[in-house]
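A short write-up of the structure that comes next.
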Amino acid sequence: MKIEIKYPFICFNIIQIDVDDDKAEEILNDCQENQAQFIIDNIPVDDYLMVPNGKKGIISAVDTDMYAHIKEVKP
């Protein structure tokens, strides 16, 4: 399954990655902290280093879907 990751980085970046279907279902339904960790694990390190407040910033951003999210990409 292809999923979309949006995260705050200067403005906003959106990337799409291929993830095993079971893992994608799990992360799409997981808590915000685990979704934030998934984002951190799957974005370029240089981008992560520029995210305001690091992991806390991503968790806060996931709390507001407009700023960060993980969503399934529909074909």
Side-chain angles (χ1 to χ4, degrees):
M1 176 186 306
K2 189 173 289 268
I3 60 174
E4 173 184 283
I5 297 174
K6 179 180 182 179
Y7 58 97
F9 170 72
I10 302 173
C11 52
F12 295 100
N13 277 3
I14 296 176
I15 62 173
Q16 293 184 356
I17 61 172
D18 287 314
V19 179
D20 174 81
D21 288 353
D22 292 335
K23 178 65 177 171
E25 287 294 327
E26 178 184 329
I27 200 64
L28 288 168
N29 296 308
D30 213 336
C31 68
Q32 291 172 344
E33 188 165 337
N34 289 345
Q35 287 185 345
Q37 187 62 52
F38 182 83
I39 291 171
I40 291 164
D41 293 344
N42 287 282
I43 63 176
V45 173
D46 291 341
D47 285 6
Y48 173 66
L49 296 175
M50 298 295 291
V51 172
N53 298 320
K55 184 175 181 178
K56 280 184 161 183
I58 291 180
I59 292 171
S60 296
V62 170
D63 188 41
T64 306
D65 184 66
M66 182 171 94
Y67 298 125
H69 64 237
I70 300 174
K71 293 185 176 181
E72 181 180 354
V73 175
K74 303 286 184 183

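Only a predicted model underlies this, so the values are computations on that prediction, with no experimental measurement involved.
- The two residues I59 and A36 come nearest to each other via the heavy atoms CG1-CB, 3.4 Å.
- Listed by first then second residue, pairs satisfying ring-ring contact (aromatic ring centres under 6.0 Å, His included) with a partner in residues 49-69 read F12-Y67, not counting sequence neighbours.
- Side-chain contact of Q35 with D30: a donor-acceptor pair under 3.5 Å is absent, judged by distance alone.
- Within the model, atoms CD of E4 and CD1 of I14 stand 5.0 Å from one another, a figure rounded to the nearest 0.5 Å.
- Under a 3.5 Å cut-off, the side chain of D21 and the backbone N or O of M1 do form a donor-acceptor pair.
- Taking CD from Q16 and CD from E72, the interatomic distance works out to 11.5 Å, rounded to the nearest 0.5 Å.
- Atom CD1 of I43 is separated from atom CD1 of I17 by 10.5 Å, given to the nearest 0.5 angstrom.
- We find the CG-CD1 distance between D18 and I3 to be 9.0 Å, quoted to the nearest 0.5 Å.
- Residues passing the side-chain contact (heavy atoms from CB on, under 4.5 Å) test with K23 are V19, D20, E26, F38, sequence neighbours excluded.
- From I5, atom CD1 reaches atom CD1 of I70 across 5.5 Å, with rounding to the nearest 0.5 Å.
- Separation of atoms CG (D47) and CD1 (I39) is listed at 12.0 Å; rounding is to 0.5 Å.
- No more than 12 heavy atoms of other residues, nucleotides or ligands shown are found within 6.0 angstrom of CD on E33.
- A continuous path of ILVMFWY side-chain contacts below 4.5 Å connects L28 to I15, so both sit in one hydrophobic cluster.
- Remark: I40 pairs with Q37, Y48, K55, I58 by the side-chain contact (heavy atoms from CB on, under 4.5 Å) rule, at least two apart or across chains.
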